[in-house]
Every structure is written in C-alpha cells, then in structure tokens.
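Data block below; observations after.
Starting from 1, each residue takes its place in the sequence as its number. None of the values given here were measured: they were computed from a predicted structure. We count ligands from 1, going down the list as the structure has it; atoms in each ligand are counted the same way.
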Amino acid sequence: MKLSALLPLALASVALAIEMDFTNTTSINAGLALLAKGLMDYYNGNDTGQTPGMFSNPYYWWEAGAAWGSMIDYWYYTNDTKYNDIVKSSLLFQIGPNWDYMPENQTTTEGNDDQGFWGVTVMAAAEKNFDEPGDGMPSWTYLAQAVFNTMAARWDTTYCNGGLRWQIYTWNNGYNYKNAVANGCLFNLAARLARYTQNSSYVDWAEKVWDWVVEVKFIPTDSDAWPVYDGGSIESSCNDTSVLEWTYNSGLYLSGAAFMYNHTGDEKWLNRTQHIWARAKVFFEDSTLIMYEAACQPSNQCNNDQRSFKGIFSRFLGLTSMMAPTLSDEIQQYLAATTPGILSSCSGGTDGHTCGLDWTQGKWDGKYGLGEQMCGLEGLQNRLVWTRSPPLTETTGGTSKSNGTAGTVTKKQTTHNELNIETKDKAGAGIITAVLLLVMLVTAWWMIF
Ligand SMILES: *[C@@H]1O[C@H](CO)[C@@H](O)[C@H](O)[C@H]1NC(C)=O
Ligand SMILES: *[C@@H]1O[C@H](CO)[C@@H](O)[C@H](O)[C@H]1NC(C)=O
Ligand SMILES: *[C@@H]1O[C@H](CO)[C@@H](O)[C@H](O)[C@H]1NC(C)=O
Ligand SMILES: *[C@@H]1O[C@H](CO)[C@@H](O)[C@H](O)[C@H]1NC(C)=O
Ligand SMILES: *[C@@H]1O[C@H](CO)[C@@H](O)[C@H](O)[C@H]1NC(C)=O
Ligand SMILES: *[C@@H]1O[C@H](CO)[C@@H](O)[C@H](O)[C@H]1NC(C)=O
Ligand SMILES: *[C@@H]1O[C@H](CO)[C@@H](O)[C@H](O)[C@H]1NC(C)=O
Ligand SMILES: *[C@@H]1O[C@H](CO)[C@@H](O)[C@H](O)[C@H]1NC(C)=O
Ligand SMILES: *[C@@H]1O[C@H](CO)[C@@H](O)[C@H](O)[C@H]1NC(C)=O
C-alpha cells in the first residue's frame, strides 16, 4: 500500500476484509501474510536514496527497530521466510561503528529507549535462532549484550538514587527525565540475557532495576494491581510522577518479570508478574475485552509512536504466556477476545488489509500507518505462541554466541560527531523533543480533564 493511494478507495475495503479461522493453519497463515505485506509496504529502505533498515517518513528510527521484531515473530509463527533477508540486512545495517545500535546518524537524537528497542529485537532473534549474521559480524546475542552494557554504563546515581535517564545526550529535552521505558528496556534485556546466557550478573541487574523502579514508585506496589507510570524528573527526585500508563511499558515489566520467574523459579517473580498483569487488564475494554491504548485512544491523541504500542504489548503478552505458563490461559483469552476487533479493523485501504487504530469500532476507523499495521499483526500472531518452541537459551539449542564484554570496547575511532554537533542541530533536536514533550503534556491534560 502506498500512502498516497490509500484514502480514495476506502469503500472497496469491506469486500476484502480479512477472514481468519484460528483453527485452520492455512487460513491463519494467509491472513498473517496479508498483514505482514501491509507492514512491509511501509518499507522503502532498499530504494535508491533511502536508508536500509529505516521505514519511510514519518517513522522514527526506534520504531523501525520494533517493527523488525514484529517481522522476526512473523517468520517464526508462519515459517514464511520471504522477508528474512531484508530483516537481517536491515538489522545489520543499523548496528553502528561499535556494534551497539548507536549509528552515527542517530547520535543527535537517540534515547535509551530507542537503543533499547533495537536491543529487544536482536534478543528475540537470538532466542528464536533467527539466521545468524555470520562472517565477521557480531552475533545477535552480542548485539543485545552491547546494547545492555552501554545502557547499564549510563546508570546514574547522582539523582533519584539510581536509574537511567530517558535521553542519552545532554542537549535533548528529556535528559532530566527518568522514565519507565528506558529502565524497562534495561530490565527486559537483563532478564532475558540472564536466562539466555545463565550469567548471574544479569540477574543482579534485573533485581537492581526492578528495585529502583519500585523505590521511585514508577511501579507503586501498595495495591493488588500494579500500574507502570511514565516517569519523573531529576529536579524533583523523580517523585513528580507522570501517571500516564502505556501498554508497552506494562509489557516490558510484565514479560521481564516472567522471564525472571522462568529463569530463577523464584515465586516472588511470579507474584510480580501477576500483579502487573492484574493492572494490565485496564488496556482491554470492559465489556468486550478488546485491547486499546487507554492513555490516548479515547481522546484521539495517539501520535505515531503511540500507535505502535499495542503491537509491542501484544508481543510481550505472548512472551509472558510462555515464560509464566500459569498465566497463559487468561492472557490468551484476552488476545482471543481482541481478535474479532482486529479482523474488522484490518479491512481498510485500497488493499483491504490496512489496519486501523481503534479495534472497538467493528470496522476500519480510517487510520493507518506502520504502528497500526504492527499492532494488527502482533495482536493476532501472539495467539500462536504454543505452536513453536518457547524462547531458547544457550543451553537449550540457542546457537547465537554470547560475549559479556560486547559494547565495552571501542571498535573504531568515532568521528567526534558528538563533539562537533553544530548549534543548529542541537537546537533542532531540542525543538523536536520539546514538541514531543508538549504533545505528552497535552495528552496528559486530556486524560485528566
Ligand atoms: C482452511 O483454510 C483454507 C484457506 O482459507 C481453506 O481453503 C480450507 O478449506 C480450510 N480448511 C478447513 C478444513 O476448513
Ligand atoms: C513451522 O515449522 C515448524 C518446524 O518445522 C513446525 O513445527 C511448525 O508447525 C510450522 N508452522 C507452520 C505454521 O507451518
Ligand atoms: C536489499 O534487500 C536485500 C534482501 O532482499 C538485501 O540482501 C540487500 O542487502 C538490500 N540492499 C541494501 C542496499 O540494503
Ligand atoms: C546515514 O545517513 C546517510 C544520509 O542520509 C545515509 O546515506 C546512510 O546510509 C545512513 N546510515 C545509516 C547507518 O543509517
Ligand atoms: C520530592 O522531591 C523534592 C525535591 O527533592 C522534595 O523537596 C520533596 O519533599 C519530595 N516530595 C516527596 C513527597 O517526597
Ligand atoms: C504476592 O505476595 C504477597 C506477599 O507474600 C501476597 O500477599 C500476595 O497475595 C501475592 N500476590 C499474588 C497475586 O499472588
Ligand atoms: C518456563 O518456560 C517453559 C516454556 O514455556 C515452561 O515449560 C516452564 O514450565 C516454565 N517454568 C516455570 C517455572 O513456569
Ligand atoms: C557476565 O556479565 C557481566 C556483566 O555484563 C560481564 O561483565 C561478564 O564478562 C559476563 N561473564 C561472562 C563469562 O560472559
Ligand atoms: C568479545 O567481544 C570483544 C569486544 O568486541 C572482542 O574483543 C572479543 O574478541 C570477543 N570475544 C570472543 C570470544 O569473540
């Protein structure tokens, strides 16, 4: 689907709506193939003048990282290898000179969460034995460890007694903000690396990040259902909490805790998983149990980033099902209840399989984009978790080799990009983040009033 061609023929969509019979593998694969094709239609990184690994405007670099994760799962659940070469070459094109997902083009704007989501994707590649880079290139696990190590090195005890800041670079707004997503990526990677590599340092890190997030009350634990709040500023010792709740933040901690439970067998982690899940049910409409992005969908304020969150959340729900099987029946029940909403929504555009944002309308809502398409695909394919092996580890068949020092050694003299950033670039990056922050505040205002 090309964006420009989308709207005029919207009416044609009804006849082409996807039908999927979840008891019939042929039917499931046919439906998922259409949604995956819809997602890849937003990719033009292989065209002349475009950048491999990046999706078309206006999608930020981080979302490309997340989208490749959706495509790895697509391959895993359907066995359709059609896009694997593009996924692999994209993941490798963006690794950056130090093999840690800090490519030079992103160095004015990259945040911890941006880097973190590429890390989460290559972690999944390792856990699923996705075709290894090979030939002098780092392994998927190496890349995940490099992301983890570079993020962990930014742990900051000067303010709020610990935690990662949202932003990496001082000139970006959000540098003074510590938040759930940056720390959630670190936590999720620590938990999964602990299980994959059996290196106990990662267990210690997962404990440390979790304890801190609870200490600053981004996850308040004084009730039965634990929300994951957005974050707080260093000027206020992180206690001026923004109480926005995003699906993907809940998912980062939910699945991270489930991985910790699976790895350690410690009931405390099952308990934490259960408490987060108890609250995550707010992301499903009361009567129908159809998933929605509660913080922005009802007010019609979801930005491009936020439109992808339900997809990332769905992926984390799939992982949680597998890592804490006692929760699987209930989680899968919620995903199954969401399915009719997704199928009726993913019936838009000229191609008839363009997904909308709001799944509760019983039809396409006229919205479209990379995020919407990821959400549709992930929301459906994570019902298939039990058709394939759960995430592998280095001792249960995972072939991707770990390397604990990944990311701690400078591989190449960097070009002093960071030092020579021109004032106009700084201002540009500052303005972008200022606008984002404003959008966030306006959204918060909408929620409250
Ligand atoms: C399964 O789905 C395929 C494709 O939609 C269809 O052709 C086939 O008849 C279905 N099989 C059964 C047993 O329903
Ligand atoms: C994909 O391949 C695996 C391994 O051969 C098999 O177990 C699984 O059933 C296949 N899935 C589909 C959807 O064909
Ligand atoms: C374009 O995609 C193919 C995979 O189909 C990949 O092998 C190739 O490296 C890509 N080209 C560029 C410039 O990334
Ligand atoms: C960086 O940007 C330049 C100019 O757009 C592009 O040619 C190059 O491929 C990009 N590199 C990466 C790793 O994104
Ligand atoms: C929040 O932090 C500020 C700044 O450190 C401090 O003055 C204030 O007492 C704190 N409030 C609470 C409720 O802890
Ligand atoms: C978690 O553990 C606490 C303390 O042991 C207990 O009171 C609570 O009921 C447990 N929660 C769940 C969901 O099992
Ligand atoms: C860990 O995950 C595996 C795979 O889903 C499952 O068989 C096992 O029961 C899980 N362990 C625990 C303690 O739930
Ligand atoms: C275990 O992980 C720690 C922390 O990342 C790292 O420093 C150490 O080298 C790793 N050990 C091994 C044997 O890989
Ligand atoms: C691990 O990674 C470091 C840093 O890239 C590298 O110097 C070292 O050779 C690697 N070790 C192995 C066993 O590949």
Anything under 30° is parallel, anything over 60° is perpendicular, the rest tilted; go ahead and classify [X] against [Y].
| X | Y | answer |
| --- | --- | --- |
| Y169 | W171 | parallel |
| W210 | W226 | tilted |
| F117 | W62 | tilted |

Item to check | Worked check of side-chain hydrogen bond (donor to acceptor under 3.5 Å, both in side chains) between Y159 and N176 | outcome: CA-CA 9 Å; Y159 297 96; N176 286 356; over 6 Å; no
Next on the checklist: Out of all atoms in ligand 4, which are within 4.0 Å of some heavy atom of F93? Include the element for each.
Outcome noted: 9 (O), 11 (N), 12 (C), 13 (C)
Checklist entry - Using the benzene-type ring in the case of Trp, are the ring centres of F55 and W68 under 6.0 Å apart? => result yes
Checklist entry - Between Y202 and F148, does the ring centroid distance fall short of 6.0 Å? => result yes
Next on the checklist: Taking 4.0 Å as the limit for heavy-atom contacts, which would you say applies to Q94 with ligand 4: side chain only, backbone only, both, or neither?
Outcome noted: side chain
Checklist entry - Is it the side chain (CB and beyond), the backbone, both or neither of W99 that lies under 4.0 Å from ligand 9, heavy atoms counted? => result neither
Item to check | Within residues 109-138 or reaching into it, pairs that qualify as salt bridge (charged side-chain N to carboxylate O under 4.0 Å, His left out) - sequence neighbours excluded | outcome: D73-K128, K88-D131, E127-R192
Checklist entry - Using a threshold of 4.0 angstrom between heavy atoms of the protein and any atom of ligand 8, which residues qualify? => result N149, N199, S201, Y202, G404
